[in-house]
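Some notes on the structure that comes next.
Position 1 is the first residue of the sequence, and the numbers go up from there.
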Amino acid sequence: LLVLIVTLICIPLAWDASHYLFGFGNLLTTFAPSSAIAVKMHTFLQSPEFWGHWSRTMCTMLIGYAIGIVIGLVYGVWASGWYTGRGSYGGLLVCIFGVPKTLLIPILMAWFGFRSSGPAIFVAALTTFLPVSLATFLGLISAPRDEIEAAQILGARTLTVYWSIGRPHAIPIFLMGCLYGYNAALPTLIAAEMIGGGKGLGYFIHERYALGDIAGAYALVPLLAIPN
């Protein structure tokens with residue numbers, strides 16, 4: 001608790017020190033004192049406009065997150081059970097990881113239209129799919145082979161083997177994949193809203209900066225922790 005209190009005190013002091021040391025000339029447009037940022041944060045928390053953008057981001061995030069989890073879970077289970085699945089899983093990861101997710105946003109805007117939630121949902125689902133599918137895959141293949149083979153010799157069905165042996169090993173890693181997927185998908189979704197969301201926290205940050213409200217743009221950054 002003491003470390004947290006000291007950190008909360010030191011961060012504004014360090015921020016103000018950097019503002020007074022470097023906030024001169026043209027740099028005045030990129031700095032704002034912590035007092036102004038705190039006032040803006042308080043104003044935003046009481047503003048219906050902020051909560052409207054927040055709810056839009058949360059709805060978009062939850063839809064993309066749920067789609068990514070479902071598809072990642074199904075694909076991870078399939079890939080862990082068949083040799084061809086394992087081989088194609090590695091190739092799929094190479095193809096997807098080789099492309100930064102934000103580069104897909106202009107293409108998705110051409111598909112779904114400007115100011116649409118489609119690009120944000122897509123990138124959130126894609127960013128969630130990767131760690132969830134990988135965690136499911138690794139969790140299931142970590143199950144002891146001798147237990148699986150013994151169950152199969154005794155006549156257990158594939159679904160029974162997955163449920164009784166694979167599931168207990170996969171659940172902890174699967175939950176870690178879901179947590180990582182959420183933390184990775186939210187920044188990507190914010191970036192998509194900044195580029196062409198039309199509404200949402202990312203769009204709100206870009207709007208504040210475009211209007212010259214530097215303190216407001218900075219105040220929204222710590223408020224992004226609310227969805228977490």
Side-chain angles (χ1 to χ4, degrees), residues 1-66 68 100-102 105 108-109 114-128 131 178-228:
L1 181 60
L2 180 61
V3 175
L4 178 60
I5 295 175
V6 172
T7 302
L8 293 177
I9 295 175
C10 290
I11 289 178
L13 292 176
W15 179 264
D16 285 340
S18 65
H19 169 68
Y20 289 115
L21 288 174
F22 305 106
F24 55 87
N26 293 331
L27 293 180
L28 284 172
T29 59
T30 60
F31 280 85
S34 60
S35 58
I37 295 175
V39 171
K40 282 292 183 178
M41 289 178 63
H42 182 264
T43 303
F44 286 147
L45 289 175
Q46 296 180 332
S47 170
E49 183 182 11
F50 166 78
W51 291 110
H53 288 290
W54 180 86
S55 61
R56 173 66 174 267
T57 297
M58 282 303 301
C59 290
T60 305
M61 177 65 195
L62 291 177
I63 293 173
Y65 185 62
K101 312 306 176 295
T102 52
I105 297 175
L108 296 173
M109 288 173 57
F114 189 71
R115 296 181 179 270
S116 171
S117 297
I121 293 175
F122 188 93
V123 294
L126 180 61
T127 310
T128 304
C178 292
L179 178 61
Y180 179 83
Y182 182 88
N183 292 329
L186 184 59
T188 309
L189 183 145
I190 296 297
E193 290 179 341
M194 285 183 175
I195 296 175
K199 193 174 183 181
L201 291 178
Y203 172 79
F204 198 30
I205 293 175
H206 185 269
E207 181 187 49
R208 292 295 92 195
Y209 186 81
L211 294 175
D213 186 7
I214 305 302
Y218 280 123
L220 289 170
V221 174
L223 294 180
L224 292 177
I226 294 178
N228 290 317

Backbone of Cys178 reached by a side-chain donor or acceptor of Tyr65 within 3.5 Å: yes

Of all heavy-atom pairs linking Ala120 and Ala192, the shortest is CA-CB, 3.9 Å

Scanning both residues in full, the closest heavy-atom pair of Ala124 with Ala185 reads O-CB, 3.7 Å

Minimal non-hydrogen separation, Ala219 against Lys40, with atom names: CB-CB, 3.6 Å

Whether Thr57 side chain and Leu201 backbone form a donor-acceptor pair below 3.5 Å: yes

Without swapping roles, check the side chain of Trp51 against the backbone of Leu45 for a donor-acceptor pair under 3.5 Å. yes

CG of Leu211 to NE2 of His206, rounded to nearest 0.5 Å, is 10.0 Å

Interatomic distance, OG1@Thr188 vs CG@Leu126, rounded to 0.5 Å, equals 9.0 Å

Check the angle between the aromatic planes of Tyr203 and His53 and answer parallel, tilted or perpendicular using the 30° and 60° thresholds. tilted

Less than 4.5 Å apart, any side-chain heavy atom of Phe204 and any of Glu49? yes

State which residue, out of Ile190, Ile37, Ile205, fulfils the side chain to side chain contact (heavy atoms under 4.5 Å, CB included) condition with Leu220. Ile205

Are the side chains of Met194 and Tyr209 in contact, using a 4.5 Å heavy-atom criterion? no

I need the Leu62 CG to Ile121 CD1 distance, nearest 0.5 Å. 10.5 Å

Before you tell me yes or no, could you show the steps for Arg208 and Tyr218 under side chain to side chain contact (heavy atoms under 4.5 Å, CB included), namely the whole-Å CA-CA distance, both residues' side-chain angles and the distance that decides it to 0.1 Å? CA-CA 9 Å; Arg208 292 295 92 195; Tyr218 280 123; over 6 Å; no

Look only at the side chain of Thr127 and the backbone of Val123, and say whether a donor-acceptor pair between them is shorter than 3.5 Å. yes

For Gly181 versus Pro131, what's the shortest heavy-atom pair and its separation? CA-CG, 3.5 Å

Closest contact, heavy atoms only, Met41 versus Leu223: CE-CD2, 4.0 Å

